[in-house]
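Each remark here refers to the structure printed beneath this line.
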Amino acid sequence: MDRRTETYIYGSEAREWETQPLRRREEEIRRRQRQQQRKRPAPKRKLDKVAVFFICITFAAAMGFGIGYLHLQFEATYLSKNVLNLQREVVEMEKENSAAKMKLENSVNLDEIYTEATERLGMKVAKKGRVFTYKSHKSTQIRQYGQIPAK
């Protein structure tokens, strides 16, 4: 036997001389490796349908909450702007009312009215026993159902 073409294998057993030539041995090792690779194909990754369903439901719920939150934010902003506009309108109306009241008070002279009523129309100031007051619990309006005595 030629030692150049044969290999020596160490192991737990007694030493044996390799009977196959080196090339044959390498080819056999490669063939066994290919067979082992063929026997163990890579496991196919499968999608878990239940997990995908729950992820989709969670994503949809998160999107719904987000859209709802944005809608509420928009509505709050809109309402606050609306309140500010209404407050401006109220201030303007109060200014207009106070100006109209001042104009009305300045245009009415109570002394002239008194003079006109007493001198031209012949009205007299009511005496103490001629004025009657009462409290109405139902309404501030008064209805007249008959003639008031001329006495």
Name the atoms and distances for all side-chain donor-acceptor pairs under 3.5 Å in residues 89-105, with sequence neighbours left out.
from  : atom 1 : to    : atom 2 : distance (Å)
Ser98 : OG     : Glu94 : O      : 3.2
Ser98 : OG     : Lys95 : O      : 2.9

Contacts of Leu110 meeting side chain to side chain contact (heavy atoms under 4.5 Å, CB included) (sequence neighbours excluded), chain-then-number -> Val108, Ile113

Quiz: residues 80-88 side-chain donor-acceptor pairs under 3.5 angstrom, not counting sequence neighbours:
from  : atom 1 : to    : atom 2 : distance (Å)
Ser80 : OG     : Ala76 : O      : 3.3
Ser80 : OG     : Thr77 : O      : 2.8
Asn85 : OD1    : Arg88 : NH1    : 2.9
Asn85 : ND2    : Lys81 : O      : 3.4

In a table with atom names and distances, give each donor-acceptor pair under 3.5 Å that connects a side chain of residues 118-126 to protein atoms at least two apart or in another chain.
from   : atom 1 : to     : atom 2 : distance (Å)
Thr118 : OG1    : Tyr114 : O      : 2.8
Thr118 : OG1    : Thr115 : O      : 3.4
Arg120 : NH1    : Glu116 : OE2    : 2.8

Hey, could you give me the CG/CZ distance between Leu79 and Phe74, rounded to the nearest 0.5 Å? 9.5 Å

Please collect all side chain to side chain donor-acceptor pair (under 3.5 Å) contacts where either partner lies in residues 48-62, sequence neighbours excluded, each pair once. none

Side chain to side chain contact (heavy atoms under 4.5 Å, CB included) against Ile67, all qualifying residues, sequence neighbours excluded: none

Thinking salt bridges, do Arg31 and Glu27 make one under a 4.0 Å N-O criterion? no

